[in-house]
Structures are given as C-alpha cells and as structure tokens.
Amino acid sequence: MLIYFFSDFQGAKEIPEGNPDLVVLLGDIYHTDAKEIDDMYSCPKIGIYGNHDAETEWSKTNIQLIHKDRYTLNGITFSGFGGCPRYNRKPNQFDEEQCFEFMNTLEKVDVFIAHSNPVYKPSNFQNDAHRGFQPFNDYIEEKQPKYFIHGHLHEPTIKKVKDTEIYCVYPFMKLEI
C-alpha cells in the first residue's frame with residue numbers, strides 16, 4: 001500500500017502527483033491546502049490536527065479525523081493523536097495526562113500518526129511546544145507499532161526504537177507498506 005503523508009505547510013509545501021492508496025495529513029495544513037489535497041487524490045484520506053489548525057480546519061473535505069480513534073484499510077490499523085503539548089490556551093494542545101489517558105488504553109496498531117513527537121531529549125521547559133509527549137515513548141516501548149509517524153518539528157528524520165520505525169515528516173513523505 002502506497003501512503004502519502006503531509007505535514008506543516010508553514011514555509012514549505014509539496015503536493016506531488018500520483019496515485020496513493022491512502023493520504024495522511026499530520027496537521028498544520030490550512031483549509032485551502034487540505035482542500036487542494038482532497039481534490040487531487042481520489043483515495044481515502046485520514047488525519048489529525050496540528051497546534052496551528054482551527055478546530056474545524058478541514059470541514060467540507062473528505063478527510064476523516066482519527067484523533068483518539070482507530071481506522072483500518074486493507075487490514076492495516078491506524079490510530080492517531082493530534083495537537084501538541086500545552087504551551088498556551090489555544091486549541092489542539094493537551095496536557096501530558098490527557099495524552100496518557102488515551103495512549104494507556106490504546107491497543108497495538110500498525111501505524112500511529114501524531115502531530116507532535118515523542119520526547120527526543122528531556123526538556124526542562126514545560127512551555128516548550130516541541131518537547132514531545134512521554135506517553136508516545138511509552139507506547140513505542142511497550143506496544144512497538146511498526147510505524148510512528150509525526151510532523152511538528154519541521155525537520156525530516158528517521159529513527160528506530162526496537163521494532164518501530166519513527167518518521168518526522170516535513171512537508172511530504174511517501175511510504176510503501
């Protein structure tokens with residue numbers, strides 16, 4: 001299955017032609033860009049909001065939000081968690097406890113999508129929007145999904161923790177699963 005992932009169109013934007021089997025939006029993609037993606041591809045589209053998205057950013061599109069939900073396509077299971085760690089009072093920001101409550105009950109999925117990252121290095125700054133969620137690290141360690149794919153950091157990277165491949169997408173990535 002060929003999957004196109006998009007994230008964080010602030011400063012960079014890439015919407016390639018092609019025929020993916022699934023399109024995944026990882027947040028911080030404004031309505032006009034989400035509409036362009038929706039119109040360009042005829043396959044299913046799923047996603048989660050980022051911390052810069054309005055709470056109805058992708059209304060009037062065919063993008064199915066899977067924040068704190070599950071989705072299955074061709075036997076491959078997905079789940080997601082949008083937003084980022086709370087750093088002010090705007091929408092799509094969550095406390096560590098809110099993330100933990102969901103991640104603690106989530107069964108293993110093949111692909112976990114998030115806007116925010118796991119904790120890559122400890123941060124002493126609780127107002128740091130990019131500090132990541134520790135419950136993501138715990139989920140990766142315990143459940144070992146095949147893929148953990150996020151945006152938010154504006155720096156494409158690939159890491160591996162046990163059996164989990166971790167990708168940071170910016171602004172586009174394609175992956176064959």
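Please read all numbers here as calculations on a predicted model, not as lab measurements.
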Checklist outcome for this item: CD1 (I140) and NZ (K159) are apart, to the nearest 0.5 Å, by 11.0 Å

Checklist entry - Would you say D128's side chain and H130's backbone share a donor-acceptor pair under 3.5 angstrom? => result yes

Next on the checklist: Does anything in residues 165-177 form a side-chain hydrogen bond (donor to acceptor under 3.5 Å, both in side chains)? List the pairs, not counting sequence neighbours.
Outcome noted: E165-Y167

Next on the checklist: Which label fits F133 and F81: parallel for a plane angle under 30°, tilted from 30 to 60°, or perpendicular past 60°?
Outcome noted: perpendicular

Item to check | Aromatic centroids of F148 and F136 separated by under 6.0 Å | outcome: yes

Checklist entry - For the atom pair CE (M173) and SG (C168), what is the distance rounded to the nearest 0.5 Å? => result 9.5 Å

Item to check | From CA spacing to verdict: side chain to side chain contact (heavy atoms under 4.5 Å, CB included), I149, V111 | outcome: CA-CA 7 Å; I149 303 174; V111 182; 4.2 Å; yes

Checklist entry - Is Y71 linked to V169 within one hydrophobic cluster, defined over Ile, Leu, Val, Met, Phe, Trp and Tyr using a side-chain heavy-atom separation of less than 4.5 Å? => result yes

Item to check | Shared hydrophobic cluster, Y41 / L2 (ILVMFWY, side-chain heavy atoms < 4.5 Å) | outcome: yes

Checklist entry - Sub-3.5 Å donor-acceptor pair from the side chain of S7 to the main-chain atoms of P171, do we have one? => result no

Checklist entry - Are L25 and I66 linked, directly or through other ILVMFWY residues, by side chains that come within less than 4.5 angstrom of each other? => result no

Next on the checklist: Test of understanding: clusters of I, L, V, M, F, W, Y form through side-chain heavy atoms closer than 4.5 Å, transitively. Do L22 and V109 belong to the same one?
Outcome noted: no

Item to check | Backbone of N92 reached by a side-chain donor or acceptor of N51 within 3.5 Å | outcome: no

Checklist entry - Taking only residues at least two apart or on different chains, which pairs with a member in residues 51-72 satisfy salt bridge (Lys or Arg N to Asp or Glu O under 4.0 Å)? => result none

Next on the checklist: Strictly distance-based, threshold 3.5 Å: is any side-chain N or O of D21 a donor or acceptor partner for the main-chain N or O of I3?
Outcome noted: no

Item to check | Evaluation steps, side chain to side chain contact (heavy atoms under 4.5 Å, CB included), between M1 and L73 | outcome: CA-CA 9 Å; M1 175 168 38; L73 181 65; 3.6 Å; yes

Checklist entry - Do F9 and I37 have side chains that get closer than 4.5 Å, going by heavy atoms? => result yes

Next on the checklist: Once side-chain hydrogen bond (donor to acceptor under 3.5 Å, both in side chains) is applied, do any residues pair with Q93, and if so which ones, sequence neighbours excluded?
Outcome noted: N88

Checklist entry - Where is the tightest heavy-atom contact between V119 and N137, given as atom of each residue plus distance? => result N-OD1, 2.7 Å

Next on the checklist: Holding to ring-ring contact (aromatic ring centres under 6.0 Å, His included), I want the full list of residues that pass it with F172, two or more places apart in sequence or in another chain.
Outcome noted: Y4, F6

Next on the checklist: Quick check: closest heavy atoms across H31 and S59, and the distance to 0.1 Å?
Outcome noted: CE1-O, 2.9 Å

Next on the checklist: List the residues meeting ring-ring contact (aromatic ring centres under 6.0 Å, His included) with Y49, not counting sequence neighbours, and say none if there are none.
Outcome noted: W58

Item to check | Partner residues of N117 under the side-chain hydrogen bond (donor to acceptor under 3.5 Å, both in side chains) criterion, sequence neighbours left out | outcome: none

Checklist entry - ring-ring contact (aromatic ring centres under 6.0 Å, His included) with H115: which residues, sequence neighbours excluded? => result H152

Checklist outcome for this item: In short, side-chain hydrogen bond (donor to acceptor under 3.5 Å, both in side chains) pairs touching residues 139-148 with sequence neighbours left out are E141-K162

Checklist entry - Do you reckon I158 sits in the same ILVMFWY cluster as I177, going by side-chain contacts under 4.5 Å, direct or chained? => result yes

Next on the checklist: My understanding is that only residues two or more places apart in sequence, or in another chain, count here; which of them pass side-chain hydrogen bond (donor to acceptor under 3.5 Å, both in side chains) with D163?
Outcome noted: none

Checklist entry - When rounded to the nearest 0.5 angstrom, what is the spacing between CZ in R131 and OH in Y120? => result 15.5 Å

Checklist entry - Under the salt bridge (Lys or Arg N to Asp or Glu O under 4.0 Å) rule, what pairs show up with a residue in residues 87-108, not counting sequence neighbours? => result R86-D95

Next on the checklist: Please report the interatomic distance CG(L26) to OG(S116), rounded to the nearest 0.5 Å.
Outcome noted: 11.5 Å

Checklist entry - What is the distance from atom CD of Q10 to atom CG of D28, rounded to the nearest 0.5 Å? => result 4.5 Å

Checklist entry - Ring centroid separation for F112 and H67, is it under 6.0 angstrom? => result no

Next on the checklist: One pair to check against side chain to side chain contact (heavy atoms under 4.5 Å, CB included): I48 and L65. What are the steps and the verdict?
Outcome noted: CA-CA 6 Å; I48 41 86; L65 293 173; 5.8 Å; no

Please report, to 0.1 Å, the donor-acceptor pairs under 3.5 Å made by any side chain of residues 12-20, with sequence neighbours excluded.
unit_1, atom_1, unit_2, atom_2, d
K13, NZ, D33, OD1, 2.8
K13, NZ, E36, OE1, 2.9

Item to check | Test applied, side chain to side chain donor-acceptor pair (under 3.5 Å); reference residue, K35; option that passes from D39, T32, D38 | outcome: D39

Checklist entry - Residues in ring-ring contact (aromatic ring centres under 6.0 Å, His included) with H52, at least two apart? => result none

